[in-house]
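First the structure, in the form of structure tokens, and then the observations on it.
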Amino acid sequence: MHLHGPLFPIPYDRTMRGRSVDKNAPRKPLTAFMMFMKERRSNSESLASLPFGERNRILGAEWSQMSKEQKQVYSSRAAEERAKYNVLLAEYKSSESYKTWLASNEGYVKNPKRKKGVQPEAERDSRESNFRVSIFTTEFLQYNRLREVVLRQLKKQAIQLEEETALLSKHVENLVHAETRTKTQLQSCSEQLANEEQIQKRLYRELVAALAEVSLPCSGGTSDSISTGTEHITETSVQSFFTQLEQLKEDQKHPELIIKAQELLETAISKKIIKLVSL
DNA sequence: CCACCTTTGAAGTAC
DNA sequence: GTACTTCAAAGGTGG
């Protein structure tokens, strides 16, 4: 829960009060929530036209309803912006204009801007002005502080990325699981297919053996030329052999061949030369 | 012209 | 670690 102000007047100055605002310093980057507000304002006219306070209250409520994953889009972008800002700030802090500003703020010069309800209070001397510290030491401390800030941010980003990685790992795990499942299914399907092919091959072999004596009149390529040749069943022509037999039966030609084939098949089945496999 | 209103969150500061 | 402030954005209003 965010507190909007002091519950009672504070007895000392906790703030940077007294320091003037450095106009040359880089602007603070937007937080994730600020980016979210900016986006929602720009893509919703009804929101943009709403009064200031009401609109932000709505967006604040919207934001608090959002999941961590939904906020992640904005947090990542905000983290990037913060990183850029820190680089700019580091550059600025080593610049001449920063040192000038720092010098102009030696011992709180300007009058502070105060919020309503905060009681005015006697100005204090700057802590830094109480110590005559070597410029090298000051710069070193500042450098150190900045490194700490960067370190802190990197740690935070690392945690965020770890969470993202964990989420992605879970997805990967699911996909691997699904892949294993389909591979198993494929394996069993292939085995069934191979088995079926084996059975068909055997059946064809058995049919060829049983129907070896049957010779069909060869119909030839065209209807005009009547071939006198004959055709026997082979392991590769089982399908077409039966098709031709079917055609003969339909056309009621060579009934003796049909009967012979039927007899041979029945004998083969009864003698178990042909073994039928139930499906 | 700028403080104020409002929201959340990061960061700075003092204790 | 806690408590607090300031500042980022937005734009209308009032001193």
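Below, read A as the first sequence line, B as the second, and so on, with proteins coming before strands; counting in each chain starts at 1. Computed from a predicted structure; not experimentally measured.
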For atom [atom1] of [X] and atom [atom2] of [N], their distance in whole Å:
{"X": "A:Y74", "N": "B:dA10", "atom1": "OH", "atom2": "P", "result": "16 Å"}
{"X": "A:E39", "N": "B:dT8", "atom1": "CD", "atom2": "C1'", "result": "16 Å"}
{"X": "A:E81", "N": "B:dA10", "atom1": "CD", "atom2": "C1'", "result": "14 Å"}

Would you find a donor on one side and an acceptor on the other, under 3.5 Å apart, between the side chain of A:S49 and the backbone of A:E45?
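Checked: pair present.
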
Heavy-atom neighbours of A:K249 NZ exceed 12 at 6.0 Å:
no

Return the orientation label for the A:F36 and A:W63 ring planes: parallel under 30°, perpendicular over 60°, tilted otherwise.
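Ring orientation, 0 to 90° scale: tilted.
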
So, do A:K84 and A:L88 sit near enough that their side-chain heavy atoms are less than 4.5 Å apart?
no

Are the side chains of A:Q239 and A:Y204 in contact, using a 4.5 Å heavy-atom criterion?
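Yes, side chains in contact.
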
Give a yes or no on whether A:I58 and A:Y74 share a hydrophobic cluster (residues Ile, Leu, Val, Met, Phe, Trp, Tyr; joining criterion: side-chain heavy atoms under 4.5 Å apart).
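Yes; A:Y74 is reachable from A:I58 via cluster members.
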
Nearest-nucleotide pick for A:R82, side chain only, options being B:dA10, B:dT6, B:dT8:
B:dA10

Which residue, A:A32 or A:R57, contacts DNA chain B at a nucleotide closer to its 5' end, judged by nearest heavy atom?
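Comparing both residues, the 5'-ward one is A:R57.
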
Scan nucleotides 8-15 of chain C nucleotide by nucleotide, 5' to 3', and note B when protein non-hydrogen atoms come under 4.0 Å of the base, S if they reach only the sugar-phosphate, - if neither.
BBBB----

